[in-house]
Each structure stands twice: as C-alpha cells, then as structure tokens.
> 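One structure, pasted below without further comment.
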Amino acid sequence: MSDSPNDSTASPKPMHFIREMISEDVKAGKNGGKVVTRFPPEPNGYLHIGHAKAICLDFGMAQEFGGICHLRMDDTNPAKESVEYVENIKKDVRWLGWDWGEHFFYSSHYFERMYEVARDLIRKSNAYVCELTQEEWKEYRGAPTRPGKESPYRNRSVEENLDLFARMRAGEFPDGTLCLRAKIDMASPNIHLRDPVLYRIMRERHYLTGDDWCIYPMYDFAHPLEDAFEGITHSLCTLEFEVHRPLYDWVVDHLEGLTTRPRQIEFARLNLTYTVMSKRKLLELVQKKLVNGWDDPRMPTISGLRRRGVPPEAIRAFCEEIGITKYESLTDVALLEYCIRQALNKTAQRRMAVLQPLPVTIENAGDLPTSVEATNNPEDPSAGARQIPFGAKLFIERDDFMEVPPPKYFRLSPGKTVRIRYAGFLTCTGVEKNDDGTVSGITCRWDPAGSADQGQRHHSLGARRLHA
RNA sequence: UGCCCGAUGGUGUAACGGUAGCACAGCAGAUUCUGGAUCUGUUUGUCUAGGUUCAAAUCCUAGUCGGGCAACCA
C-alpha cells in the first residue's frame, strides 16, 4: 500500500458500520489488535466495478488500521476456473493501486489441510459420508417452512466414515454419488445448517492441482478454513452470505489451535443503473462475441474501464463516495461519471476536434500566424503547451454558425464576432451556399486582439482535417 | 407459509436520544478562453401506527414494503 495508515489527523472518513466494528475490535484488543482482511475472488471471470467496491473496502480497511490484506484465489470449483482469470485479477487489483505484498494465496493450496480438517470432523462425529442421491436429498432436506429429516447414513461409525471418505478421495465412486456432510441440525430453520455438503466428488481437471483430486470442498466449508489458516480477522463479504454466517461460525468453532478468530461481516453489493454486473451475463457477452472481450470499453469490468481511459483514482474516489451499508441500493451511474470527470479534469491533456466541419475562409490571410499556442491542461500548468497549426482555411463546428440566429445565440452569424480558442477573433463577413440553399462555408475577417460582441465567443478550429 | 436482513429527498449517504447535513442528479442564474467545465442560488426526505421520554430518524411493539435463503456454485 502506498500510504502509511491514516492517523487521526488525516481527513476524516465517514463512519460506516464496518469501520466502526473494526475500530471497536482494535480498541478492545481482539486478535491482538491486528487487522487482517482478504479479497477472495473466484478466478472464473474478470473483475468488474462491483468488485472494486469490495477491493477498496478490504484493502482500505487493512490500510487504515495498519493491517494487511491478502489476495486469494478462491478456486475450489475447477469447472469454471483458469489461470487467465488469475493473471487478470492480479493485474486489475494492482492497477487499482493496491498491493498485497507477499500475501497472495490460492484456496487450492490448502486442499490437503482441508482434507485433514474434514477427517477430524469425522473422528469427532461431526461429519458423515452420505449416500443419498441428490433427488432423495431434496426430500430429506425439507423446506423453509418444514423441517427436514435425518439421512439414514447419518449415524455410521467413525471407522466406516473414515474409510468411505478415503475411498471417495481415491476415486472409487462416480461423480455426484457420495458426499461428505456436516452433522448439524436437520430441523434448523436455517436451511444452511441442515447437514450441508462439505465435499463433493467431481472429476474435473483443476488448473493448478491438475488431477490430484476428484473431491473438492464446498465454499461453506472451505472459506472459513481459508480465513482461519491465513489468520484473517475480518472477513468482509456481500449480503447474500448473511444466512451462511452460522455455518461459517460452526466450521470455525470446530477448529482447534486458532490464534485468531475470523469474523464474517456482510455489506451490500454495488448496483449501478443501466449496468449489467453479473459475472454470468458478462461471460455470456464475451462468449457470444457481443463485445470484443472482457476489456471491451463498453464493459463495466475494471479492464474495460481502464481501456476506456478511466483513471484508477476515479474508481477509488467513487468507491469512497458510495459508502458502505447493509441495505440493497441502486447507485446512479452519473456518480461514477462525475468521479471520472473529476479525476480526468486534473490530468487529461486537452485537444480540440471538429465533428461536423463547416469550412471557414479567412479574407485577410496575409496577417495570419501559421500556428498558435494552446494550453495542454488549464488545471495543471506543468502539463505545458503545444503548437497547433493555423491558417486561412479553418473548420468550425456547424452548430456554431447560424445564418439567422435566435435570441441569445452566442455563436457566429453574419456580422457577429466570436473568439476562437487560442487564436484571436473572427468576424463573419459572408456566407457561401450550395445549390439547395444549405450553407457550404463562410468567410471571416481575423483579428488577433479584438473583442467579441456581447459575452459571446466560441470555439474550436481545425486548420486541417484529422481522422480520429 | 418458515428463518435472516433492511427501510432517511429522484439517487447514494450522514446524524450513535437533543437544529435532519453532505454529495450526485434536477432546476435557475453567472462566466471575453475547459459550455459534458467552473461558480452562485434552489426544489425535494426520516415507510405506517402505537408506546417510552422533557425530547425519537435514532429506543420498544405491531404492521407495511423491499432483499436474501430450499446448488454436490461461489
């Protein structure tokens, strides 16, 4: 991270509930006063503006409280993941201005350790191998309004469970047959506590572990373990995981020898008007070639925004501006655009272009300079200046001339004088027309120092046509 | 129908029992050199009903509305 942690003299940031919770934990000396967060994307797509909110929160909180933030690839489902995604996620996080230092991890690197934790759960009769088919399970699971019933395989002996689990790993059973379940409470009003699946059989080549495994841990089992293994103190995630928290805590509670106690805190994800934010739909746009890849400038991805010319500080400012709450909201894209303009105004070099050219012929061409000096950025003197060509044949925007001007029209019309940027004044002296009566060009007299009529002035010029 | 979460102007948020503030958007002006910029001004709000209190956006109760949860996805 580029800056030292904020102290109390730094610009005060609004006190959202997460900042408050962490602050209290630190004050109370929880986890030795340390703050360790993590950003844990699944490498199954590119990061988008919604992820930026999470990234800025995860890394931002760590920075503010003098802690660290891990970057972790949550790659427990090999069916959808790839190195391409891993590399681009790293690139995007770095581009946004965050630094994970040495703390880059893969969930898949913990597979062996997770397997041992699972065996431990079995030994303590907290997990069992279940042979119910997925169809049968639907029946056993019950419904939100109706309790479930216990699996007939729920009370096998520890030995039998250990043996079956080992054979699952060894590849003795077909995909989707047996699974390992936590033994919790089939009558719980929270469905996630009704003996959730911990491991499933899936023969799928993992982009890192290859064919080493044919069983993979489920998110609800893997995530708390990853957090615990890495010493995460504050595990920030989005609202839809709120009902998973009791299960997260259950897993953490069944771990031994923990020095830090990870805590899951949920916040509302970002929704933007007129913006598709679901990874699934973005993937579809890419696969159906409706866009030119993940970094198409029309995409709301970080890489798309980057290609569009959006500076990272604009995205960070935006994430700071939207705040953190616990209720779903729909943010107006206008706020993003405002943040982008704000950032660009300070850094972007200015150029002029004429979109709908109207030829201008200058009568007193003998006095003309061949070029004029233009400021590169009025808000940043260090950006310097540039010479732009000038001459007797110019173009102005068609909209900037009207033969018969309406009231309060402050641009060019016959007899009026207007300032042209960086290059003196033009007074319209004549109009040239096509056979059909449309204006084909105008003639003007040029004056380097005159004054414009009323407050009027205008506009850009192009001594030659440029094709952008 | 069960459980969990939430509700402040058009939008995003602040106010932590004591004057409802800020930003975006909108509107109206200003501006002889960014007219999609800048500056000034301005409209609009505590979901409802009870209760506690000298005092409620804030605490309590009920209701209403919205979101989430029944993947061997994350």
Side-chain angles (χ1 to χ4, degrees), chain A residues 14-17 20 40-45 74-77 79-81 107 130 132-134 137-138 141-148 175-181 187-194 196-202 215-220 222-223 237-246 266 268-273 279-280 318 320-342 344-345 348 350-352 374-375 377-379 410-411 417-425 449-460:
Chain A
M15 206 57 182
H16 61 241
F17 75 101
E20 204 162 311
E42 180 184 16
N44 66 348
D74 207 358
D75 52 1
T76 56
N77 182 0
K80 303 193 278 185
E81 301 153 1
S107 301
C130 182
L132 251 24
T133 65
Q134 291 177 51
W137 178 251
K138 269 186 194 168
R141 183 183 50 210
T145 52
R146 166 168 55 86
D175 287 11
T177 51
L178 309 201
C179 68
L180 185 74
R181 290 185 185 285
S188 172
N190 183 341
I191 307 244
H192 295 279
L193 258 21
R194 320 241 268 226
V197 172
L198 266 24
Y199 269 91
R200 77 279 211 183
I201 302 175
M202 177 166 53
I215 58 172
Y216 290 94
M218 300 291 293
Y219 168 87
D220 281 320
H223 208 87
C237 64
T238 45
L239 245 29
E240 66 267 31
F241 293 105
E242 214 160 12
V243 280
H244 295 239
R245 192 182 342 130
E266 311 85 10
R269 68 182 331 131
L270 172 70
N271 295 297
L272 266 188
T273 55
K279 254 191 195 175
R280 208 197 92 244
F318 171 72
E320 196 61 50
E321 203 59 43
I322 54 179
I324 302 293
T325 61
K326 239 170 130 51
Y327 53 86
E328 286 296 340
S329 56
L330 181 61
T331 301
D332 196 332
V333 261
L335 184 60
L336 208 213
E337 289 161 357
Y338 166 80
C339 291
I340 294 171
R341 280 198 299 273
Q342 207 68 31
L344 249 23
N345 261 331
R350 311 304 151 84
R351 293 294 182 270
M352 293 185 288
T375 308
N377 184 348
E379 292 190 17
F410 292 153
R411 312 179 204 182
T417 300
V418 128
R419 162 171 248 143
I420 50 174
R421 194 127 212 263
Y422 302 120
F425 298 83
S451 70
D453 290 334
Q454 300 162 12
Q456 58 187 247
R457 68 204 130 91
H458 227 74
H459 249 228
S460 50

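No experiment lies behind these values; they were computed from the predicted model shown. In what follows, chains carry the letters A, B, and so on, assigned in the order in which the sequence lines appear, proteins first and then strands, with residues in each chain numbered from 1.
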> Do any N or O atoms from the side chain of A:Arg194 and from the backbone of A:Ala143 form a donor-acceptor pair under 3.5 angstrom?
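At least one qualifying donor-acceptor pair exists.
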
> Got a second to check how far A:Gln342's CD is from A:Phe318's CZ, nearest 0.5 Å?
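Output value for this atom pair is 14.0 Å.
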
> State which residues pass ring pair (Phe, Tyr, Trp, His ring centres under 6.0 Å) with A:Phe241; sequence neighbours excluded, sorted by chain then number.
A:Tyr219, A:His244

> Just to verify, what does A:Tyr422 make a ring pair (Phe, Tyr, Trp, His ring centres under 6.0 Å) with, not counting sequence neighbours?
none

> Quick test of your reading: applying salt bridge (Lys or Arg N to Asp or Glu O under 4.0 Å), list the pairs with at least one residue in residues 328-339 of chain A, sequence neighbours left out, ordered by first then second residue.
none

> Would you indicate which nucleotide in B:C72, B:G6, B:A70 comes nearest to any side-chain atom of A:Gln134?
B:C72

> Once each nucleotide of nucleotides 10-18 of chain B is scored for protein heavy atoms under 4.0 Å, what B/S/- sequence comes out, 5' to 3'?
-SSSS-B--

> If you write RNA chain B from 5' to 3' in dot-bracket form, with Watson-Crick or G-U pairs under 3.5 Å, [ ] for crossing pairs and | for pairs with another strand, what do you get?
.((((((..((((....[..)))).(((((.......)))))....(((((..]....))))))))))).....

> Taking for each residue the nucleotide of RNA chain B with the nearest heavy atom, is it A:His244 or A:Ala143 whose nucleotide lies nearer the 5' end?
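Between the two, 5'-proximity favours A:Ala143.
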
> Between B:C73 and A:Arg200, is there an OP1 or OP2 to side-chain N/O distance shorter than 4.0 Å?
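Checking B:C73 against A:Arg200, a side-chain N or O does come within under 4.0 Å of OP1 or OP2.
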
> In chain order, what residues pass the ring pair (Phe, Tyr, Trp, His ring centres under 6.0 Å) check against A:Tyr216, with sequence neighbours excluded?
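With neighbours one apart ignored, the set is A:Phe111.
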
> Going by side-chain contact (heavy atoms from CB on, under 4.5 Å), A:Leu270 matches just one of A:Leu330, A:Leu336, A:Ile322. Which one?
A:Ile322

> If you count every heavy atom of other residues, nucleotides or ligands that lies below 6.0 Å from A:Arg350 atom CZ, does the total exceed 12?
yes

